[in-house]
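Input: a single structure, listed below in C-alpha cells.
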Amino acid sequence: MDDKKSFHMTSEEFRRYGKELIDWIADYHEMIETFPVLSQASPGQVRSGLPDEPPRQGEAFSAMLKDVEDVILPGITHWQSPDFFAFFPANTSGPSILGELLSAGLGVQGMLWATSPACTELETHVLDWVAGMLGLPARFTSSGSGGGVIQDSASSALLCALLAARERATDFVSNEQGCDGRLTAYGSTQTHSSLEKAMRIAGLGRENLRQIAVDENFAMSAQALDAAIRRDRAAGKVPSFVCATVGTTSSTGFDPLPQIADICRDHGLWLHVDGAMAGSAAICPEFRGLQEGVERADSYCFNPHKWLFTNFDCDCFYVADRQALVRTLTVLPEYLRNQASESGAVFDYRDWQIPLGRRFRALKLWFVVRHYGVEGLQYHIREHVRLAQQFASWVRDHPDFELTVDPPLNLVCFRHRAGDDFNQRLLERLNAGGKIYLTHTRLAERFTLRLCVGQTHTEERHVRRAWKLICETAHLLEKG
Ligand SMILES: *Cc1c(COP(=O)(O)O)cnc(C)c1O
C-alpha cells in the first residue's frame, strides 16, 4: 500500500486514455471486416481468460485495453460489421457514440425535470422532432395531449402501454387492488414475445393473451380479432388491449391498422402499435403508407437503436393521452417533492417509465439527427431498402431458391428449395465460416433464412458477396 491520497483517474490521464480509446474504436471500425462476424468462442472461453480474483491494486489502462483485445474481442459478435445480416440490426454511428459518451460524462440522473431540466426538455423536444420526421400525428407530441419519451426498449414501452391500458379499463382500480383475472389482451401469432412477457409482469396473466391468426402475409386477421373480442365479452371477460405490429420480427408483416383501430374504437380497447424496426422507414414519405392508421393508436413505439444509427438503448415511445400513462405510473414519496413538479408546468419522465432513474439518452439521438439531417437519414434508409430489394430479386431469379414472402422493406425471408434440413445446414455452414452472419425463423412451419440489411456501413458489395457465398455454400452442400 503506497501513501496515495487518491486513487482516481486524473484529468490528465482521462484525456490521454480517452483519446486512446476513441482511436481504438475508430481502428476497430476500420478493421471490423477482418473479424469473424459471429463470435467463434466456446462456452466459458471468455471467463477462462479472466483472473479468478479482482486486482488488489489498480491496474494500468493499457493493461485493460490489452485484455479487451486478447480476451474480450474473441468473444464479440460484431454487430457493427457490414456483413452482419442477422436478427435485426443494432446499428450505431459516430455521432451516436459521441452522444453516449457525453451522456456518461455529464452523468446526470434525469428522473425529474428538476434533477436536470435539459435532460427532460431536450428529450421532449427531440421526440417531437422525430414524430414530425416520421409523419406521426400531432396528438403524439407534447403540444397536444400526448408526448414522447425514450424507453430502454420496445419491451418496456409495450409494458408501460399495457399498464396504462389496464388502468384505463378498470378505472384505475387495478393499481389499488390488483387484477381480477378478467382483462384480456390481443396480439397475433407473429407479435413479439415481449407481449407475453408484459402480460405476466402486468398481472394480466398469460392465459388472458389471445394470439390471433394471421393471413398469408403474416398480418393479423382483423376479422379473427373482432370475433375473439366478442367471444371474450360473451364469456364475461374484459377485452382491454391490442398490440398491433408494423413490421413483425419474423418477416416484416404489417397488421391492418385501420381495421384494427375501428375494432378498438368499437369495443373500447387500447391500441398499441409496435414499430420496433420498421418504424424507422417512416422517415421516408414513400414508406409511410405501410403504417397507415398509426395516427389512431393510443400508443406507438419504434427503436432508433435498431435501424436509425443510434446505439442501444433508445426506444421512442409515444402516447396520445399522457395523463393515462402518468396516472398509472406516478408515485410521490416526500423526498421527490419539488416546486417545478407541483406547478404542473414540467414533465417528470420517471412517471412515464418503470424505473425511477434515467440516463440522458436524448443526447445521442439529438446528435444523430443533427449530424445526418433528415435527408441523410432518408438516404441511408432508402439505400438499405434498395439493397434488400436487390437481394430479393436475385433470390427470385435463382432456380434453387425462393422467397418465403415478398419483402416490404429491408428484411428478406428466403430459403433453398431443398427443404428444412438443407436450409438449416446451409445456415450453420454459412455462420461457421465467419464471413457473414444470418439467422432464421419459421414461417408457415417452414425453416426460413432471414437476411436483414441495416448495418450502418453495409454497401452493395457486402450484399453481393453475401449472395455469392450463399449460392456457393449451397452448391457445396448439394454435392455432399
Ligand atoms: C426487436 C423487437 C422488439 C423488442 O425490442 P427491444 O427494444 O429489444 O425490447 C419488439 N417488437 C418487435 C416487433 C421487434 O422487432
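Side chains are part of it too, since the values below use all heavy atoms of this structure and drop only hydrogens, waters and symmetry mates. All ligand and atom numbering here is 1-based and tracks the order in the structure.
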* Check: T248 N/O within less than 3.5 Å of ligand 1 N/O -> no

* Distance to 0.1 Å, residue and atom name: give those for the protein heavy atom nearest to atom 8 (O) of ligand 1. => S153 CB, 4.2 Å

* Which atoms of ligand 1 sit under 4.0 Å from any heavy atom of F88? -> 15 (O)

* May I ask whether N303 places a heavy atom under 4.0 Å from ligand 1? => yes

* Listed partners of H78 passing ring-ring contact (aromatic ring centres under 6.0 Å, His included), at least two apart -> Y28, F35

* To do: With heavy atoms of T249 as the reference, note each atom of ligand 1 found under 4.0 Å away.
  => 12 (C), 13 (C), 14 (C), 15 (O)

* Could you say whether the N/O atoms of A154 and ligand 1 ever approach to under 3.5 Å? => yes

* Asked: So, does D128 use its side chain to make a donor-acceptor pair with the main chain of S142 at under 3.5 Å?
  -> yes

* Looking at H305, which atoms of ligand 1 are within less than 4.0 Å of one of its heavy atoms? -> 7 (O)

* For atom 9 (O) of ligand 1, the protein heavy atom that lies nearest, with its residue and separation -> S155 OG, 2.5 Å

* Structure fact -> Ranking Q190, K197, H192 by closest non-hydrogen atom to atom 10 (C) of ligand 1, top hit is H192

* Asked: Is the shortest distance from a heavy atom of D274 to ligand 1 less than 4.0 Å?
  -> yes

* Asked: Has ligand 1 got any nitrogen or oxygen that is less than 3.5 angstrom from a nitrogen or oxygen of T245?
  -> no

* **Any donor-acceptor N or O pair under 3.5 Å, side chains H398, W467** => no

* Determine, for F347 and R322, whether the Lys NZ or Arg CZ falls below 6.0 Å from the six-membered ring centre while staying within 45 degrees of the axis. => no

* Give a yes or no on whether the backbone of F309 and the side-chain of T92 come within a donor-acceptor separation of less than 3.5 Å. => no

* To do: Report yes or no: does E167 contribute a side-chain atom to a donor-acceptor pair with the main-chain N or O of N175 at less than 3.5 Å?
  => yes

* Give a yes or no answer on whether the side chain of R396 reaches the backbone of L403 with a donor-acceptor pair at less than 3.5 Å. => no

* Asked: Is ligand 1 under 4.0 Å from a heavy atom in the side chain of K306, in the backbone, in both, or in neither?
  -> side chain

* Listed by chain and number, what are the side-chain contact (heavy atoms from CB on, under 4.5 Å) partners of H125, not counting sequence neighbours? -> W129

